[in-house]
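Each chain gets a letter, A, B and so on, in the order the sequences are listed, and its residues count up from 1.
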Number of protein chains: 2
Amino acid sequence: MQRQNGVALWRQIADRIRTSIADGNYDREGKVPPELTLASEFGVNRHTVRSALAALAEEGIVRAVQGRGTLIERKERINFPISRRTRFTQGIGDQAREKEGLLLASSQETPSPDIAGRLKLPAGSKVIRLETLRKADRRPVSRASSWFAANRFGGIAEAYAKTGSITAAFEAFGVKDYVRAVTEISAVHADAQDLADLGLSPGAIVLVTRALNCDMDGAPVQYSVTRFPADLVQFTIEN
Amino acid sequence: MQRQNGVALWRQIADRIRTSIADGNYDREGKVPPELTLASEFGVNRHTVRSALAALAEEGIVRAVQGRGTLIERKERINFPISRRTRFTQGIGDQAREKEGLLLASSQETPSPDIAGRLKLPAGSKVIRLETLRKADRRPVSRASSWFAANRFGGIAEAYAKTGSITAAFEAFGVKDYVRAVTEISAVHADAQDLADLGLSPGAIVLVTRALNCDMDGAPVQYSVTRFPADLVQFTIEN
DNA sequence: CTTAAATGTCTATTGATATAGACAACTAGA
DNA sequence: TCTAGTTGTCTATATCAATAGACATTTAAG
């Protein structure tokens with residue numbers, strides 16, 4: 001545990017306690033060890049631990065009760081499988097009771113060279129961009145920007161808004177099936193937009209996927225960049 | 001950009017500049033914009049930007065030259081493909097000139113229930129654990145703990161130490177080929193061990209993979225937990 | 001050589017972070 | 001009811017983080 005590194009001690013400790021909770025280290029008790037115990041474990045003052053626990057309480061992970069202790073409210077990470085047949089809603093499965101897909105915005109635009117290349121679009125083509133937010137049990141779990149060829153998928157925004165599902169929207173355009181061709185995964189610190197969209201606090205980690213879906217003829221149909229809160233989500237690749 | 005959140009402004013700015021560099025936003029110039037420009041972009045004092053740049057200089061990403069500007073020393077992320085035939089050294093390919101695999105430690109031990117389950121070991125079995133560090137161009141790119149069934153792979157530590165390659169070590173035990181069955185990916189803040197092993201600074205992000213390799217008969221041969229510095233590595237899954 | 005544009009260094013001030021200690025308030029169990 | 005164990009609140013002090021301003025030093029271009 002160090003100081004003078006731009007990350008406050010209480011935040012480093014909050015991160016470690018959050019990880020411990022996610023790893024199930026305190027399952028036996030259902031609560032976090034007493035503040036004085038944590039303080040001596042981490043070698044810091046009790047007040048510093050209190051700051052860390054206050055931050056976790058703010059996130060809804062723990063709840064302090066005077067006289068009893070600090071109870072764990074939520075602990076598990078959602079597991080998100082990635083495969084040739086990656087489907088968001090199916091992937092979440094029964095890991096959450098309530099699942100929502102919200103369309104935040106849509107627009108038609110001229111694609112950047114990168115996106116035109118990924119979708120293999122001829123020069124001068126237009127794309128439709130969808131900005132979507134997905135929630136599981138009312139917590140945001142992903143924030144995606146998706147691009148589709150405008151000439152093939154004009155009106156996909158309305159189809160998505162109606163169903164809340166990409167798979168269903170594709171069906172309306174005659175794409176009965178599609179497969180995940182490539183997925184790139186990286187991790188970065190949350191930016192200002194993430195803090196707002198995903199309800200995170202500064203210093204939080206965001207997992208970023210860049211994915212290309214193709215139809216059964218191998219033609220690219222969707223390119224998306226999706227951001228997930230790392231404290232809530234992990235990926236599984238099954239080959 | 002916020003204060004009072006446990007993450008110093010200069011570190012948030014350092015993270016954003018690092019990302020900008022990795023995204024190639026400053027490729028045209030080969031250097032970062034002037035301190036005063038960055039300060040007004042981020043809406044902070046020049047001294048705060050200087051702290052951020054000092055941190056990036058410490059990481060070897062930039063180098064400030066009085067009178068000229070702040071030059072970019074290193075920018076690209078290493079891309080690490082994950083597939084059924086995931087191989088570390090092959091995966092890095094020509095993205096780095098020098099590649100090293102170091103054996104830090106090895107031991108024989110009784111597996112935790114989790115690891116025994118992953119390797120499908122009968123009760124009472126022993127495992128061999130290998131602690132390895134891999135470098136590309138002399139920078140640490142991964143720190144792995146791997147477990148192997150002791151009765152089948154006794155002596156694999158020596159084989160790995162000699163070759164610096166798991167693939168080569170397996171061949172010595174008659175495993176001519178193996179495939180990646182499952183990979184889990186998550187992201188966490190670097191812990192004290194990461195800071196030391198991977199040469200990171202607090203607040204840095206670590207990508208964690210938990211992977212199971214099986215031989216051609218489908219029998220598990222290796223389970224490993226590997227930690228990668230997220231500022232240097234990304235993953236690609238090709239299906 | 002002169003100048004503009006950078007980075008480097010110094011002083012000073014304010015608010016956030018961390019430590020330390022003391023005591024109040026609440027809970028559960030003996 | 002009493003007590004041990006726990007969280008809640010308060011005061012005080014030292015260090016770090018951020019802002020502000022001034023000026024020095026170096027580089028590259030005119």
Shortest non-hydrogen contact from [X] toward [Y]:
X	Y	answer
A/Ala161	A/Leu103	CB-CD2, 3.8 Å
A/Thr226	A/Ala144	OG1-CB, 3.6 Å
A/Gln108	A/Ala150	NE2-CB, 3.8 Å

Original post:
Choosing from C/dT7, D/dT7, C/dT17, which nucleotide comes nearest the side chain of A/Arg50?
Top reply: D/dT7

Subject >> Closest listed nucleotide, where the reference is the side chain of A/Thr48 and the choices are C/dT17, D/dA17, C/dT19 >> reply: C/dT19

**OP:** Determine the contact category for B/Thr70: base if any of its heavy atoms lies under 4.0 Å from a base atom, sugar-phosphate if only primed atoms, P, OP1 or OP2 are that close, otherwise nothing.
**Re:** sugar-phosphate

In whole Å, what is the span from the [atom1] atom of [X] to the [atom2] atom of [N]?
X	N	atom1	atom2	result
A/Glu35	D/dT7	CD	C1'	5 Å
A/Leu9	D/dT15	CG	C1'	12 Å
A/Lys31	D/dG5	NZ	P	13 Å
A/Arg63	D/dT7	CZ	P	13 Å
B/Ile13	D/dA17	CD1	P	14 Å

Subject >> Close side-chain approach of B/Arg16 and B/Phe42, heavy atoms under 4.5 Å >> reply: yes

Original post:
Do B/Lys135 and B/Leu102 have side chains that get closer than 4.5 Å, going by heavy atoms?
Top reply: yes

Subject >> Contacts of B/Tyr160 that satisfy ring pair (Phe, Tyr, Trp, His ring centres under 6.0 Å) - sequence neighbours left out >> reply: none

**OP:** Produce a footprint string for nucleotides 20-30 of chain D: one letter per nucleotide, 5' end first; B if the base is under 4.0 Å from any protein heavy atom, S if only the sugar-phosphate is, - if neither.
**Re:** BB---BBBS--

Original post:
So how far off straight is the helix from C/dC1-D/dG30 to C/dA30-D/dT1, going by the axes through five pairs at either end, to 10°?
Top reply: 30°

**OP:** Among A/Thr70, A/Val62, A/Ile72, find the residue that satisfies the side chain to side chain contact (heavy atoms under 4.5 Å, CB included) test when tested with A/Leu56.
**Re:** A/Val62

Subject >> Separation between CG of A/Leu130 and OG of A/Ser145, rounded to the nearest 0.5 Å >> reply: 9.5 Å

**OP:** May I ask you to decide if the ring planes of A/Phe235 and A/Phe228 are parallel, tilted or perpendicular, using 30° and 60° as cut-offs?
**Re:** perpendicular

